[in-house]
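Okay, so here's the structure we're looking at.
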Amino acid sequence: MQLYQSQEIKIQNSLSGKKDVFKPLNEGHIGMYVCGPTVYSNVHLGNCRTFMSFDMIFRYFRHLGYKVRYVRNITDAGHLVDDAEDGEDKIAKKARLEKLEPMEVVQRYTVDFHNILQKFNFLPPSIEPTATGHIIEQIEIIKDILEKGYAYVTNGSVYFDVIKFNEDHEYGKLSGRKLEDMIANTRELTAQDEKRSPQDFALWKKAEPQHIMRWPSPWGDGFPGWHLECTAMSTKYLGETFDIHGGGMDLKFPHHECEIAQAEASNGHSPVNYWMHANMLTLNGKKMAKSTGNSILPGEIFSGDNAILSKSFSPSVVRFFMMQAHYTSILDLSNDALLASEKGFNRLMDALKILKQIETSKISDFDVVAWKQKCYDAMNDDFNTPILIAQLFEAVKHINAIKEGRESISAEDKTLLESTINAFVFDVLGLEAKNENEGGTDKLAGVVELLIELRKEARDNKDFATSDKIRDQLAGMGIQLKDGKEGTTFSVL
RNA sequence: GGCAUCGUGGCCGAGUGGCUAGGCGCAGCUCUGCAAAAGCUUGUACAGCGGUUCGAAUCCGCUCGAUGCCUCCA
């Protein structure tokens, strides 16, 4: 029997506003779409958190035995800098500023994106489509929406008619907004506006002569609107209705609202059963913004090359840090918080090593079966990784107690504990064990071992001046000696 | 101004109508020549003010604050 058949999952659904029991459209199969990055600059850490949350969700579904088709797009066209009439495509703007071909910009930052995600140990999605690769599909949807009367053409551009749509559909149901309120709160249209109403959004934008990113269409040369690509690609690969659509909280409105409108206007179906939104990451309690200097790149955390950090942190520590918070909560990143996570992460990893070596006996003081179910209960309750991690530390406590002979475990339970904890730590949370030689080389290890031996001789001779000198000077170089019952080990800080 | 998500002990963060996670730090203990490391033990906190209730941090209302989006501004 597949594991998923015995685990009922609840998901916080933005559409219903509550936790709904998850039922996939096709038993054993899940279709999941997540809005990917707009590749016009280095991926920032907040983006990584969103994608990491869905990576964890993808991993958990797979662990349960679901066949998941996970689609995460690359936005390489159509995302406008602002919604004004002279709105410029984000990528085209960057290309102009850096004197590059737009596709050079796309290539550069797509590579950066994949690079960072690989360091974070992400699983690749099943399909990673690009907006520019689906222009034809987008044009087809626009035709469809025009035909149904929910869009209009002005001066070579096509706009979605929100007011018309709202007459027989509900625009704003995802974000909890009412169209009347939006209209009441909106500025008047100016004379040169092409839109009938300020709420209308572009499905297709006419390209001015100097615009490089352009494709032919029935309405003239232009480029697709930002919201449309996700509708085109999710429909193509997952169907007119699919299980899960995810993204950052900031995309709920207008992006996801518009996706719903486009899908309902073109094919009459509500496109998604479960809308999931990951919350924001703040830095030192304030929002991340390049303009205020309150920002950090993933690469800067790995290298420690940022003023707010006292040291560098490995990708797994950052991942562990993020997994200690629930994906729907705002998470605040700070040096202290990372330091705390690093210690906890190391303790967890040490316990995993100890677990391999502990001896078994006839009876167990640790109810592994009940503990295992608590781990699943945590994950089944809207992917509650903080609770899962609390359970993992519960196991750590038992592992240490068994090692010290205060508790015992049967061989059978040990096998179960080991397979369960490894599955959750590595397969579901996606953490990676520390590399023993991290920061050092075999030669360095040899030299330090030699010094440890010399120090031991000095200590045996009660020559503490020499032994302390070795210890303190190594510490000064960032090499910490750890005296244990079975001799001295070291770690490079 | 509107919509949304929140406001938990020194810090980070779960949870939820009565049984009150976890990590880090601090303190104590064990170990140790000393220290570090490691392990163990320890915390009655839930923005404020009202209300509902036998009982609320958990439900309701208001206020204040944070973050995102929209608007405004530019």
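Proteins come first, then strands; the chains are lettered A, B, ... in the order of their sequence lines, and each starts at number 1.
For the P atoms, the distance from B:U53 to B:U58 is 16 Å, rounded to whole Å. Separation of the C1' atoms belonging to B:G48 and B:A66 is 15 Å when rounded to the nearest angstrom. Rounded to a whole angstrom, the distance from the P atom of B:U52 to that of B:U20 is 28 Å. The P atoms of B:U67 and B:U8 are separated by 14 Å, rounded to the nearest whole Å. Rounded to whole Å, the P atom of B:C72 lies 27 Å from the corresponding atom of B:C62. When the P atom is used for both B:A27 and B:A37, the distance is 12 Å, rounded to whole Å. Using atom C1' as the reference point in both B:A21 and B:G15, the two lie 7 Å apart (nearest Å). B:G7 and B:A57 have their P atoms separated by 15 Å, given to the nearest Å.
Scanning atom types as modelled, one donor and one acceptor separated by under 3.5 angstrom connect the side chain of A:Arg471 and the base of B:A35. The base of B:G33 is not paired with the side chain of A:Asp463 by any donor and acceptor separated by under 3.5 Å. One N or O donor and one acceptor, one from the side chain of A:Asp483 and one from the base of B:A35, sit under 3.5 Å apart. The base of B:C69 sits within donor-acceptor range of the side chain of A:Arg177, with an N or O pair under 3.5 Å.
Here the side chain of A:Ala337 is nearest to one of B:A14, B:G23, B:C12, namely B:C12. Nearest nucleotide to the A:Asp250 side chain, out of B:A36, B:C69, B:U5: B:C69. When the nucleotides B:G23, B:C40, B:U67 are ranked by their closest atom to the side chain of A:Thr282, B:U67 comes out on top. For A:Asp332, the side-chain atoms get nearest to B:G13 when compared with the rest of B:U5, B:G13, B:A36. Considering only side-chain atoms of A:Pro254, the nucleotide from B:A38, B:C69, B:G13 that sits closest is B:C69. Listed nucleotides B:G22, B:G13, B:C12 differ in distance to A:Ala325; the shortest reach to its side chain belongs to B:G13. Closest to the A:Phe253 side chain, of the nucleotides B:C12, B:C69, B:C40, is B:C69.
Taking 4.0 angstrom as the limit, A:Arg347 places a side-chain polar atom (N or O) nearer than this to OP1 or OP2 of B:C24. Phosphate contact (OP1/OP2 of B:A38, side-chain N/O of A:Asn400, threshold under 4.0 Å): absent. For B:U5, the OP1/OP2 oxygens have no side-chain nitrogen or oxygen of A:Asn279 closer than 4.0 Å. An OP1 or OP2 oxygen of B:G25 is reached within less than 4.0 angstrom by a side-chain nitrogen or oxygen of A:Lys343. Distances shorter than 4.0 Å separate none of the side-chain N or O atoms of A:Thr328 from OP1 or OP2 on B:C6.
Around atom CD of A:Glu208, more than 12 heavy atoms belonging to other residues, nucleotides or ligands sit under 6.0 Å away. Around CD of A:Glu449, the count of heavy atoms belonging to other residues, nucleotides or ligands within 6.0 Å exceeds 12. For NZ of A:Lys469, the number of neighbouring non-hydrogen atoms (other residues, nucleotides, ligands) closer than 6.0 Å is 12 at most.
Nucleic acid contact for A:Asp472: none, since no nucleic acid atom lies under 4.0 Å from a heavy atom of the residue. Using a 4.0 Å heavy-atom cutoff across all strands shown, A:Lys397 reaches sugar-phosphate atoms only and no base atom. Nucleic acid contact class of A:Leu481 (heavy atoms, under 4.0 Å, all strands): base. At a threshold of 4.0 angstrom between heavy atoms, the contacts of A:Ser329 are confined to the sugar-phosphate backbone, with no base atom among them.
Remark: B:G9 base-pairs with no nucleotide in the shown strands. Criterion, Watson-Crick or G-U wobble with two distances under 3.5 Å. Of the nucleotides present, B:G61 is the one that pairs with B:C49 by Watson-Crick or G-U wobble criteria, both distances under 3.5 Å. The nucleotide B:U44 finds no pairing partner, because no Watson-Crick or G-U wobble arrangement with both distances shorter than 3.5 Å includes it. If you check B:C69 for Watson-Crick or wobble pairing at under 3.5 angstrom, you find it paired to B:G2.
A tilted orientation is assigned to the rings of A:Phe424 and A:His63, their planes being inclined by 30° to 60°.
Taking atom CD1 on A:Ile330 and atom P on B:G7, their separation rounds to 9 Å, with Å as the unit. Residue A:Phe320 contributes atom CZ, which lies 14 Å from atom P of B:G13 at whole-angstrom precision. The interatomic distance linking A:His398 (NE2) with B:G22 (C1') rounds to 14 Å, in whole Å. The distance between atom NZ of A:Lys469 and atom C1' of B:G33, rounded to the nearest whole Å, is 19 Å. Atom pair A:Lys252:NZ and B:C69:C1' shows a separation of 10 Å (rounding to whole Å applied). For the pair A:Glu404 CD and B:C40 C1', the interatomic distance rounds to 7 Å; values are reported in whole Å. The separation between A:Asp377 atom CG and B:G15 atom C1' is 14 Å, rounded to whole Å. The distance from atom CG of A:Asp336 to atom P of B:G23 is 18 Å, rounded to the nearest whole Å.
Ring-centre distance between A:Phe54 and A:Phe61: not below the 6.0 Å cut-off. Taking the six-membered ring for Trp and the full ring otherwise, the centers of A:Tyr150 and A:His169 sit less than 6.0 Å from each other. Close placement of the A:Phe51 and A:Phe113 rings is indicated, their centers lying within 6.0 Å of each other.
The aromatic ring of A:Phe464 is stacked on the base of B:G33, with the two ring centres less than 5.5 Å apart and the planes inclined by under 30°.
Between A:Val396 and A:Ser467, the one whose closest nucleotide on RNA chain B sits nearer the 5' end is A:Ser467. Along RNA chain B, the nucleotide closest to A:Ala340 and the one closest to A:Gln324 are compared, and the more 5′ of them pairs with A:Gln324.
Looking at heavy atoms from C-beta onward, A:Tyr159 lies out of side-chain contact with A:Arg196 at the 4.5 angstrom threshold. Between A:Phe320 and A:Leu429 there is no side-chain heavy-atom pair separated by less than 4.5 Å.
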